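Below you'll find the structure, written out as structure tokens, and then a few comments.
From a predicted model like this one, the values you see are computed outputs, not experimental measurements. Lettering follows sequence order; numbering is per chain, from 1.
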Number of protein chains: 2
Amino acid sequence: MDYNMESIRELILNYIELDEAEWEHCSQMLKIDTINKKEIVLFQNTVCKNIYFVVKGLLRTYFIDQRGNEKTFHFSTENTFATDYESFLKRTPSHYAIQALEDTIVITISLEMHESIYTKLRYGERLGRLIAEDYFFMINDKIKALYGQTPLERYNTMNKKFPKILQRIPQHYIASYLNITSVHLSRLK
Amino acid sequence: MDYNMESIRELILNYIELDEAEWEHCSQMLKIDTINKKEIVLFQNTVCKNIYFVVKGLLRTYFIDQRGNEKTFHFSTENTFATDYESFLKRTPSHYAIQALEDTIVITISLEMHESIYTKLRYGERLGRLIAEDYFFMINDKIKALYGQTPLERYNTMNKKFPKILQRIPQHYIASYLNITSVHLSRLK
DNA sequence: TTTAATTGATAACATTTGTTATCGGTTTTT
DNA sequence: AAAAACCGATAACAAATGTTATCAATTAAA
């Protein structure tokens, strides 16, 4: 289909074997979409029905807490995913919202495709397991950072992890990602 | 084998089908152990080689951060698990340590058993996926609490979640679980 | 092009949280 | 039974972080 699909195929191949027929099945269910800057693709408290794979651009996952403060949970850069995985798996209202920070091109993975993975791919269950495990590792890192590091240390870690993307993101989003206010972040620098 | 095994069998049955032969295979690989109060069953920075299922008693998962502060990550009460799942799955040095807060009886699930699950059980991969997903949900709740709630709110949530266990646990452990100092927790109450 | 929003910095002040020390009252160890 | 360790509360002070407001520079919208 599209040459952009190739990157997602390679990602799957990192996890499991995938023959031509299986890939054919997958690629037919994938859609390429564009999201305009500031557009919201998932609203908080609605069921998350897609996983987005960012081909180009930048997505932000966030939520509004009880006091009305916006908290940024994650940035999805090129070749990474964005979704509320818990909402997606459980079909429950999402805790997070997802918004484009730039004009963004994504590959959309639907609930239907996700379900068919388990039946149509020989190693579908394993793929699901490895993805869930990776998701767990990712979020585990976040917990460790929140528990064991100061905001400044988290900022420095972030600088190493997203060296270039940082300049593209407004500071108040970065601050809320670090769980501090933008004023305080300004001070730390 | 032991009637205590029954609870772990039921847990598995919540996830997948399991026939007699499969259960026979599993139960033969499970060991019942006792852990004395204050005993450490996993040291930080060593590979975590077991998953512990608490039959009776109480385990605490924690780590020492860069500044030398001890941070409690999790309490494992009766009929729940304790492990450093990332270390266990990746065979990497653990970030956490695990210690008994009371004399505790556990069922020990070894690395060997975990591996055999994927080959010996018909739905082993699925079981692995569902466990990883549940682990992810659990930790996702923690993240949401750390991002969106004040320490006092987290304390109240905890009160609802572990209504009785709280009295069994020294306050400074609870405080570090909430990511505050024990002095500050005293003040909040 | 003009106007309106957004952004990042900074200052002054308020609130939250941490640090250190002290003090009874337990519990544990000897 | 005596001594030592542990526990929870409290006070006084220090440090970290939040709040509100202002301002100049930039960017987006009309």
- Looking at every strand, decide which applies to A/Lys38 at a 4.0 Å heavy-atom threshold: base, sugar-phosphate, or nothing. nothing
When rounded to whole Å, the NE2 to P distance for the pair A/His172 and D/dT19 reads 15 Å
Is there a donor on the side chain of B/Arg187 or the base of C/dG18 sitting less than 3.5 Å from an acceptor on the other?
yes
Among the nucleotides D/dA21, C/dT19, D/dT10, whichever has the atom closest to the side chain of B/Thr181 is C/dT19
Here the distance between atom C1' of D/dG18 and atom CZ of A/Arg67, to the nearest Å, is 12 Å
In whole angstroms, the gap separating P of D/dA16 from CG of A/Leu178 amounts to 17 Å
Ignoring hydrogens and angles, state whether a donor on the side chain of B/Gln149 or B/Arg154 is under 3.5 Å from an acceptor on the partner side chain. no
B/Leu185 CG to D/dT10 P, in whole Å, measures 12 Å
Note: for B/Ser182 and B/Tyr173 on DNA chain D, the residue whose nearest nucleotide lies more 5' is B/Tyr173
The nucleotide from D/dT17, C/dA11, D/dA9 with an atom nearest the side chain of A/Pro151 is D/dT17
Practice problem: Would you sort out whether B/Phe53 and B/Phe81 count as a ring pair (Phe, Tyr, Trp, His ring centres under 6.0 Å), showing the intermediate values? | Solution: CA-CA 4 Å; B/Phe53 178 77; B/Phe81 295 92; 5.0 Å; yes
State whether B/Gln171 places a side-chain N or O below 4.0 Å from either non-bridging phosphate oxygen (OP1 or OP2) of D/dC6. no
Whole-Å distance, B/Glu70 CD to C/dG18 C1', equals 17 Å
Kindly indicate whether the side chain of B/Tyr62, heavy atoms from C-beta on, has any atom under 4.5 Å from the side chain of B/Tyr177.
no
Against the side chain of A/His184, the closest entry in C/dT20, D/dT17, C/dG18 is D/dT17
Here the distance between atom C1' of D/dT27 and atom CZ of A/Arg168, to the nearest Å, is 18 Å
Practice task
May I have the step-by-step check of side chain to side chain donor-acceptor pair (under 3.5 Å) for B/Tyr85 and A/Asn140, ending in yes or no?
Solution key: CA-CA 10 Å; B/Tyr85 201 41; A/Asn140 203 23; over 6 Å; no
Rounded to whole Å, CG of A/Asp103 lies from P of D/dA28 at a distance of 11 Å
Closest to the side chain of B/Lys37, out of C/dT28, C/dG8, C/dT17, is C/dT28
Rounded to whole Å, the CG-C1' distance (A/Leu188 to C/dA9) equals 13 Å
Within the 3.5 Å criterion, strictly below it, is a donor on B/Thr72 or B/Ser176 matched to an acceptor on the partner's side chain? yes
